[in-house]
Participant: 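Take a look at the following structure, please.
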Amino acid sequence: MFTTEHPPFEFLGDWSGQFVATAIHNGHDIRAELAAELILPDHDRLREEDPHTDEIGALVPARVVVHRSRFEVDMNRAREKAVYRSAEEAWGLEVVRDPPLDPAVVASSLEVYDTFYAELGRRLDGVAERGPFVVFDIHSYNHRRGGADAVEAPWAENPEVNVGTGSLDRDRFGSVVDAFIESLARAGTSAGPLDVRENVRFRGQQLAAWTHARYPDRGIVLALEFKKTFMDEWTGEADQARIDELARAVASTIPVLQEALIEVATP
């Protein structure tokens with residue numbers, strides 16, 4: 001059925017613990033029948049995807065990497081909005097040619113979506129049986145939308161790391177969130193401490209909401225949006241050293257979070 005180089009998504013690493021990293025907007029693959037309908041230039045599509053987020057989560061024991069582009073199916077949207085069919089659904093970008101996508105093409109994309117969430121549920125069911133768990137839902141965002149040489153977006157509204165917790169029961173799990181923010185900021189990078197703030201630009205979307213609804217007493221999703229200071233968002237050129245530093249910083253929070261999970265564990 002699929003004609004791309006990679007499978008639609010992969011579950012990697014050791015799933016015997018309580019920490020999972022997801023990179024659900026990491027992918028750039030598009031299956032052939034949908035690629036024929038796209039009019040969005042490849043470089044524009046790449047700029048709106050989240051390349052290298054799989055690498056930022058690479059040191060977390062259990063990992064989920066989606067290889068399909070969000071422009072085929074967006075795993076971080078509700079099912080009825082997961083396939084972009086108009087510019088209004090894609091930040092004003094003209095994604096597909098007119099007339100609209102054939103329903104059969106949409107159905108094939110939604111099949112990937114359904115399979116992804118079914119498999120993720122099977123994996124996380126086993127994790128949840130052991131107690132509270134943390135999902136690092138890793139994304140990235142642009143901060144030079146005016147052009148490659150434009151002034152970056154204002155600091156006040158654009159943290160280095162935005163921690164989205166909009167659907168999380170913070171009354172119950174707030175101590176875990178606080179422990180993570182403090183630990184990640186303290187980890188820092190060679191450029192200095194990381195600016196880590198909660199719900200400034202992003203509050204988390206479908207993966208977080210789905211997980212919190214399915215595991216209300218166990219699931220803690222930290223929807224992490226990293227400002228694209230680890231790459232040139234216009235050329236796609238990556239700063240591998242900084243990516244590696246961010247990966248180490250994320251992984252360094254796990255011991256602190258392990259202690260925080262013990263404190264919120266149900267009897």
Participant: Considering the options R145, K228, H143, which one meets the side chain to side chain donor-acceptor pair (under 3.5 Å) requirement together with E233?
Facilitator: H143
Participant: When you measure from the side chain of R130 to the backbone N and O of G17, does any donor-acceptor pair fall under 3.5 Å?
Facilitator: yes
Participant: For this output row, return yes or no: ring centroids of Y117 and Y113 closer than 6.0 angstrom.
Facilitator: yes
Participant: Starting from the C-alpha separation in whole Å, work towards a yes-or-no answer on side-chain hydrogen bond (donor to acceptor under 3.5 Å, both in side chains) for H28 and E49.
Facilitator: CA-CA 7 Å; H28 191 63; E49 295 162 345; 2.5 Å; yes
Participant: Please check this pair: side chain of S108 against backbone of A104, looking for a donor-acceptor N/O pair closer than 3.5 Å.
Facilitator: yes
Participant: Would you call R186-E182 a salt bridge at under 4.0 Å N-O?
Facilitator: no
Participant: Could you check whether R123 makes a cation-pi contact with W15, meaning its NZ or CZ is under 6.0 Å from the centre of the six-membered ring and within 45° of the ring axis?
Facilitator: yes
Participant: After noting the C-alpha distance and the side-chain angles of T165 and N199, does the key distance pass the side-chain hydrogen bond (donor to acceptor under 3.5 Å, both in side chains) rule?
Facilitator: CA-CA 7 Å; T165 59; N199 296 332; 3.0 Å; yes
Participant: Between E80 and R85, is there a salt bridge with N-O shorter than 4.0 Å?
Facilitator: no
Participant: Evaluate the criterion side-chain hydrogen bond (donor to acceptor under 3.5 Å, both in side chains) for residue pair H212 and S167; output intermediate values, then yes/no.
Facilitator: CA-CA 7 Å; H212 293 147; S167 60; 2.8 Å; yes
Participant: If you look at every heavy atom in Y215 and A128, which pair is closest and at what distance?
Facilitator: CD2-CB, 3.6 Å
Participant: Parallel under 30°, tilted from 30 to 60°, perpendicular over 60°: which one fits the rings of F136 and F180?
Facilitator: tilted
Participant: Does R77 make a cation-pi contact with W91, if we ask for NZ or CZ under 6.0 Å from the ring centre and within 45° of the axis?
Facilitator: yes
Participant: Test your reading of the model: is there a side-chain donor-acceptor pair from R68 to the backbone of S109, 3.5 Å cut-off?
Facilitator: no
Participant: Please check if the side chain of N142 supplies one atom and the backbone of R47 the other of a donor-acceptor pair under 3.5 Å.
Facilitator: yes
Participant: One thing to verify: whether E152 and K227 come together as a salt bridge, which I'm taking to mean a side-chain N less than 4.0 angstrom from a carboxylate O.
Facilitator: yes
Participant: Distance only, no hydrogens: is a donor on one side chain within 3.5 Å (strictly under) of an acceptor on the other, for T189 and R242?
Facilitator: yes
Participant: Mark yes or no for whether E72, through its side chain, and R31, through its backbone, hold a donor-acceptor pair below 3.5 Å.
Facilitator: yes
Participant: Would the F202 and Y141 ring centres measure less than 6.0 Å apart?
Facilitator: yes
Participant: Is a side-chain N or O of D14 found less than 3.5 angstrom from the main chain of P61, in a donor-acceptor match?
Facilitator: no
Participant: Tell me yes or no: between the side chains of E55 and Q240, is some donor less than 3.5 Å from an acceptor?
Facilitator: yes
Participant: Say whether, by atom type as modelled, one donor and one acceptor occur between the side chain of N76 and the main chain of Q206 under 3.5 angstrom.
Facilitator: yes
Participant: Taking 4.0 angstrom as the limit, do D149 and R144 come out as a salt bridge?
Facilitator: no
Participant: Identify the residue among V163, N158, N162, V161 that makes a side chain to side chain contact (heavy atoms under 4.5 Å, CB included) with V200.
Facilitator: N162
